Amino acid sequence: MGKKKTQVLWMTSEIKILRRLTAEWEMSAALVDKSGVLPRHSQNGISAKMSELGFGNPKFHLVKN
């Protein structure tokens, strides 16, 4: 049997971090997940929260030089 998915609630501090990473660094959900800054959340969870709050584009990213 497959692993049961559980929903992890977002803390205010995590949303602030997500806002900073997406607004200032233009990171995608994949990059945020890969960075390990929000270990309680999966890439899909991060993407969903970005979409819900209108934080950048959850699928694509730009690389800052």
Side-chain angles (χ1 to χ4, degrees):
M1 246 200 197
K3 184 177 175 184
K4 184 177 179 184
K5 294 180 183 180
T6 58
Q7 185 175 8
V8 178
L9 298 177
W10 284 79
M11 295 187 297
T12 304
S13 59
E14 292 172 326
I15 292 172
K16 288 179 182 178
I17 291 167
L18 184 60
R19 180 182 298 128
R20 172 183 254 167
L21 294 175
T22 56
E24 292 180 22
W25 295 100
E26 300 176 352
M27 292 176 75
S28 66
L31 285 176
V32 173
D33 181 48
K34 191 173 182 179
S35 73
V37 175
L38 299 170
R40 295 177 346 110
H41 302 282
S42 67
Q43 180 177 334
N44 288 338
I46 292 167
S47 179
K49 184 53 82 172
M50 287 175 69
S51 293
E52 178 185 329
L53 298 175
F55 290 171
N57 188 330
K59 300 289 182 199
F60 302 101
H61 69 277
L62 301 173
V63 177
K64 278 200 164 188
N65 294 332

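Small disclaimer: the values here were computed from a predicted structure and weren't measured.
In terms of the side-chain hydrogen bond (donor to acceptor under 3.5 Å, both in side chains) criterion, Q7 has no residue partners (sequence neighbours excluded). Annotation: salt bridge (charged side-chain N to carboxylate O under 4.0 Å, His left out) contacts of R19 (sequence neighbours excluded): none.
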Scan the side chains in residues 30-37 for donor-acceptor partners under 3.5 Å anywhere in the protein, sequence neighbours excluded, and list what turns up.
{"unit_1": "S35", "atom_1": "OG", "unit_2": "V32", "atom_2": "O", "d": "2.6"}
{"unit_1": "S35", "atom_1": "OG", "unit_2": "V37", "atom_2": "N", "d": "3.3"}

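For residues 35-53, the set of pairs meeting the salt bridge (charged side-chain N to carboxylate O under 4.0 Å, His left out) definition, not counting sequence neighbours, comprises E14-R40, K49-E52.
Both L38 and L53 belong to a single network of hydrophobic side chains, linked directly or stepwise wherever heavy atoms of I, L, V, M, F, W or Y lie under 4.5 Å apart. If you chain together hydrophobic residues whose side chains sit under 4.5 Å apart, M11 and I15 never meet in one group.
Remark: side-chain polar atoms of S51 are paired, donor with acceptor, to backbone N or O of S47 under 3.5 angstrom.
Among L21, L18, I46, the single residue meeting the side chain to side chain contact (heavy atoms under 4.5 Å, CB included) criterion with M27 is L21.
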